[in-house]
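So the structure is just underneath, and the comments pick up after that.
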Amino acid sequence: MTAQPSLSRRAAAELIGTAGLLVVVIGSGLKAAELSRDTGVALIANSCASAIGLGLIITVFGPLSGAHLNPVVTLTSWWSRRTGGEGLGGREALVYTAAQSAGAIGGAVVAEVMFGRVPGTFATQVRDGGHLLIGEVVATAGLVLLIQGLGRTGRGRFVPPAVAAYIAAAIWFTSSGSFANPAGTIGRSFSDSFTGIAPESLPGFLGAQLVGGILGLALAALLFGSGAGGGTGSGPRSRSRFGRSVRPSPVDGASPAKAAYETVR
């Protein structure tokens with residue numbers, strides 16, 4: 001098994017990857033609104049671009065950091081390690097979360113500048129109401145369940161296209177538009193645009209995403225069982241337990257860089 005990249009390289013991957021994701025989400029929203037006044041047409045363009053960009057970013061940065069790009073995914077990784085599975089330690093999780101948040105804000109600023117807008121302007125689109133918060137709980141729970149389910153059943157190689165497809169669908173089937181990412185939500189508050197969210201709406205959305213993450217973990221444990229990778233052995237543990245090298249397990253949605261990708265040194 002190849003060595004895991006240093007924490008600084010993984011943090012850089014999370015920062016750049018999350019920044020890239022926000023450039024795609026906000027930039028495609030700005031372009032869509034510029035080209036069409038039809039909200040439905042704009043949403044089709046935005047959801048397609050966001051899904052394609054997300055899948056590509058996960059594929060590129062997966063070998064370095066696992067391409068969490070999302071504090072909820074990072075927290076599920078930390079929890080997995082706390083409960084005896086593979087995942088991130090507390091310090092790693094904090095570094096990942098900080099990198100993701102900084103990257104999201106930076107990506108929002110880049111998107112604004114790229115379209116000739118004044119950077120740093122807060123969004124004015126208020127997103128409130130219990131139905132929107134329920135939408136965020138559903139969107140985030142589904143995302144976590146998807147990642148955990150694929151990992152725990154040994155199908156981690158499908159994570160990039162599956163997550164991309166899920167987000168494209170969830171943008172349409174949830175009332176909230178499926179933000180499902182605390183860092184991304186904060187970043188989008190820095191863009192007064194089609195995809196923005198007013199700062200006063202942040203607490204409700206962030207809280208709903210946390211609840212959704214917990215619900216997703218609970219559902220994954222109920223459906224697929226708890227433990228390291230849902231029954232698939234991790235690389236280091238497999239070596240020490242059996243005294244020989246085995247093929248690394250696929251991405252389980254918890255480990256920082258699992259073998260659905262070939263880990264970069």
Side-chain angles (χ1 to χ4, degrees), residues 9-36 39 41-74 95-125 127 139-140 143 159-161 163-172 176-199 201-202 205-206 209:
R9 289 181 68 189
R10 287 183 279 144
E14 288 295 306
L15 187 150
I16 296 169
T18 310
L21 176 60
L22 267 291
V23 169
V24 170
V25 172
I26 294 175
S28 63
L30 289 170
K31 190 67 174 181
E34 178 183 296
L35 295 176
S36 176
T39 304
V41 172
L43 189 58
I44 290 173
N46 178 242
S47 60
C48 288
S50 298
I52 294 169
L54 176 58
L56 293 174
I57 290 169
I58 294 173
T59 301
V60 170
F61 292 100
L64 287 168
S65 66
H68 291 192
L69 314 175
N70 186 335
V72 168
V73 176
T74 296
V95 170
Y96 266 49
T97 300
Q100 291 155 1
S101 300
I105 295 171
V109 171
V110 169
E112 292 285 296
V113 171
M114 186 167 61
F115 281 86
R117 294 158 59 93
V118 179
T121 303
F122 286 115
T124 56
Q125 185 170 350
R127 301 176 187 262
T140 311
L143 176 63
V159 165
V163 169
Y166 174 81
I167 290 300
I171 287 173
W172 283 92
S176 63
S178 185
F179 283 50
N181 182 336
T185 303
I186 292 171
R188 286 164 71 166
S189 72
F190 284 81
S191 175
D192 189 15
S193 66
F194 174 72
T195 57
I197 177 171
S201 299
L202 288 179
F205 265 57
L206 299 181
Q209 290 159 2

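Keep in mind that the numbers below use all heavy atoms, side chains included, and drop hydrogens, waters and symmetry copies. Residue numbers run from 1 in the order of the sequence given.
Here CD of Gln100 is found 7.0 Å from CG of Asn181. Values are rounded to the nearest 0.5 Å. To the nearest 0.5 Å, the span separating OG1 on Thr18 from CD1 on Ile186 amounts to 11.5 Å. A distance of 9.0 Å separates CZ in Arg188 from CD in Gln125, rounded to the nearest 0.5 Å. If you take CZ on Arg10 and CG on Leu64, they are separated by 10.0 Å, rounding to the nearest 0.5 Å.
Phe205 is linked by a ring-ring contact (aromatic ring centres under 6.0 Å, His included) to Phe179, counting only residues two or more places apart in sequence or in another chain. Applying the ring-ring contact (aromatic ring centres under 6.0 Å, His included) test to Phe115 and every residue at least two apart in sequence or in another chain returns nothing. A search for side-chain hydrogen bond (donor to acceptor under 3.5 Å, both in side chains) contacts involving Ser176 returns Glu136, not counting sequence neighbours. For the side chain to side chain contact (heavy atoms under 4.5 Å, CB included) test, residues two or more places apart in sequence or in another chain that qualify with Leu54 are Leu21, Ile58, Leu69, Val163, Ile167. Not counting sequence neighbours, the partners of Ala11 by the side chain to side chain contact (heavy atoms under 4.5 Å, CB included) test are Val95, Ala99. Evaluation of the side-chain hydrogen bond (donor to acceptor under 3.5 Å, both in side chains) rule for Ser189 yields no partner, not counting sequence neighbours. Under the side chain to side chain contact (heavy atoms under 4.5 Å, CB included) criterion, Val24 pairs with no residue at all, not counting sequence neighbours. In this view, Ser178 satisfies the side-chain hydrogen bond (donor to acceptor under 3.5 Å, both in side chains) rule with no residue, not counting sequence neighbours. With sequence neighbours excluded, the residues forming a side chain to side chain contact (heavy atoms under 4.5 Å, CB included) with Thr124 are Asp192, listed by chain and number. By the side-chain hydrogen bond (donor to acceptor under 3.5 Å, both in side chains) test, Ser201 pairs with no residue at all, sequence neighbours left out.
Closest non-hydrogen pair, Gly187 versus Ile26, comes out as O-CD1, 4.3 Å. Minimum heavy-atom separation, Val23 to Gly107: CG2-O, 3.5 Å. Counting all heavy atoms, side chain and backbone alike, Thr59 lies closest to Pro160 at OG1-CB, 3.5 Å. Across every non-hydrogen atom of Ala13 and Ser65, the tightest pair is CB-OG, 3.8 Å. For the pair Ser28 and Ser50, the tightest heavy-atom approach, listed with the atom from each and the gap, is OG-OG, 4.0 Å. The two residues Phe194 and Ala33 have their closest heavy-atom pair at CB-CB, 4.5 Å.
In this structure, Leu22 and Phe190 have side chains that are not in contact, with every pair of non-hydrogen atoms separated by 4.5 Å or more.
Sorted pairs that involve residues 19-30 and meet salt bridge (Lys or Arg N to Asp or Glu O under 4.0 Å), not counting sequence neighbours, are lacking altogether. Applying the side-chain hydrogen bond (donor to acceptor under 3.5 Å, both in side chains) rule to pairs touching residues 107-116 yields Glu112-Arg117, Glu112-Ser191, sequence neighbours excluded.
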Run the side chain to side chain contact (heavy atoms under 4.5 Å, CB included) check on Leu143 and Asn70 step by step: do they pass?
CA-CA 11 Å; Leu143 176 63; Asn70 186 335; 3.7 Å; yes
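Using a distance-only test at 3.5 Å, with no hydrogens or angles considered, no donor-acceptor pair links the side chain of Asn46 to the main chain of Ala32.
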